[in-house]
Q: 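Dropping the structure in here first, questions after.
Values below: every heavy atom of this structure, side chains too, minus hydrogens, waters and symmetry copies.
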Amino acid sequence: MLVYLIIIVVAYLLGNISTSYIIGKKMAGIDIRTQGSGNPGSTNVLRTMGKKAGAMTFGGDVLKGALAVGFARVLAYYMKADEVTCAYIAVVAVVIGHNWPAFLGFKGGKGVATSLGSMLAINPIIALTCLGAFIIIVLISKYVSLGSVLSICLSPVLMLINKNTKGIWVALFLAASVVYTHRANIKRLINGTERKLGEKK
């Protein structure tokens, strides 16, 4: 149980590292939470600060997800715990830390990039398949939110195909969390008022 607790705490704290907030402060002297949509995520950074800042934010959020899983696996090895279970615990904890960070008043990003990073460290094939689906959906529809929701919902299906019992439950959590954090976007998609990629207003 101690190893699980350590992983939960460390992964959650890693999730609390807000790449968008740091980049906003360092590159433009702004609090990204007061700009654009107010969401501290890579899409808002892209629209507010440009492609370079958006890419850096996305990369940072992916990295912390991967680091959380990597830490869990190393700790599991040295403490002789089940590596797979520890890795999946890290996935859940780091995404919760990103979405609901204590250091930012429990108002974080939407968890897409961090989910991708953690899943890349778990199963690169499934993660890259979901990323490919995201890119195709966004290229066709121009809606980042639609791509995010549909691509992450593909992950439990792929886990099911692979007969990965533990993975299915974690993938379902990731899909549910992304749907929840995108609930306002989903309403706008239904109403036809969601902003497309590249739109300024």
Q: Would you give the length of the straight line joining atom CG of Leu172 to atom OG of Ser155, rounded to the nearest 0.5 angstrom?
A: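 With rounding to 0.5 Å, CG (Leu172) is 7.5 Å from OG (Ser155).
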Q: Does a side-chain heavy-atom distance below 4.5 Å link Thr43 with Phe58?
A: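 No, their side chains stay 4.5 Å or more apart.
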Q: Tell me, yes or no, whether the heavy-atom count around Ile125 atom CD1, taken from other residues, nucleotides or ligands under 6.0 Å, exceeds 12.
A: no
Q: Among Lys196, Glu194, Arg195, exactly one meets side-chain hydrogen bond (donor to acceptor under 3.5 Å, both in side chains) together with Ser145. Which residue is that?
A: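 Looking at Lys196, Glu194, Arg195, the match for Ser145 under the side-chain hydrogen bond (donor to acceptor under 3.5 Å, both in side chains) is Glu194.
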Q: Has Lys52 got more than 12 heavy atoms of other residues, nucleotides or ligands less than 6.0 Å from its NZ?
A: no
Q: Would you sort out whether Ile96 and Phe173 count as a side chain to side chain contact (heavy atoms under 4.5 Å, CB included), showing the intermediate values?
A: CA-CA 10 Å; Ile96 290 175; Phe173 162 78; 3.7 Å; yes
Q: How long is the gap from NZ on Lys64 to OG on Ser118, to the nearest 0.5 Å?
A: 11.0 Å
Q: Do NZ/NE/NH1/NH2 and the carboxylate oxygens of Asp61 and Lys110 come within less than 4.0 Å?
A: no
Q: Between CE of Met1 and CD1 of Ile6, what distance do you get to the nearest 0.5 Å?
A: 11.5 Å
Q: Find out whether Ile152 and Cys130 are in side-chain contact, i.e. whether some heavy atom of one side chain is under 4.5 Å from a heavy atom of the other.
A: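 They are not in contact (no side-chain heavy atoms under 4.5 Å apart), so the answer is no.
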Q: Side chain to side chain donor-acceptor pair (under 3.5 Å) for Tyr4 and Asp82? Distances and angles first, verdict last.
A: CA-CA 10 Å; Tyr4 297 157; Asp82 182 71; 5.8 Å; no
Q: Can you give me the closest heavy-atom contact between Met27 and Met49, atom names plus distance?
A: CB-CE, 3.7 Å
Q: Check the pair Tyr12, Val94 against side chain to side chain contact (heavy atoms under 4.5 Å, CB included), reporting the backbone distance first and the verdict last.
A: CA-CA 5 Å; Tyr12 177 79; Val94 72; over 6 Å; no
Q: Please report the interatomic distance NZ(Lys187) to CG(Asn191), rounded to the nearest 0.5 Å.
A: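 Rounded to the nearest 0.5 Å, the NZ-CG separation comes out at 9.0 Å.
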Q: Drop me the distance from Ile186's CD1 to Leu146's CG, to the nearest 0.5 angstrom.
A: 9.5 Å
Q: Is the count of non-hydrogen atoms from other residues, nucleotides or ligands lying under 6.0 Å from Lys166 atom NZ greater than 12?
A: yes
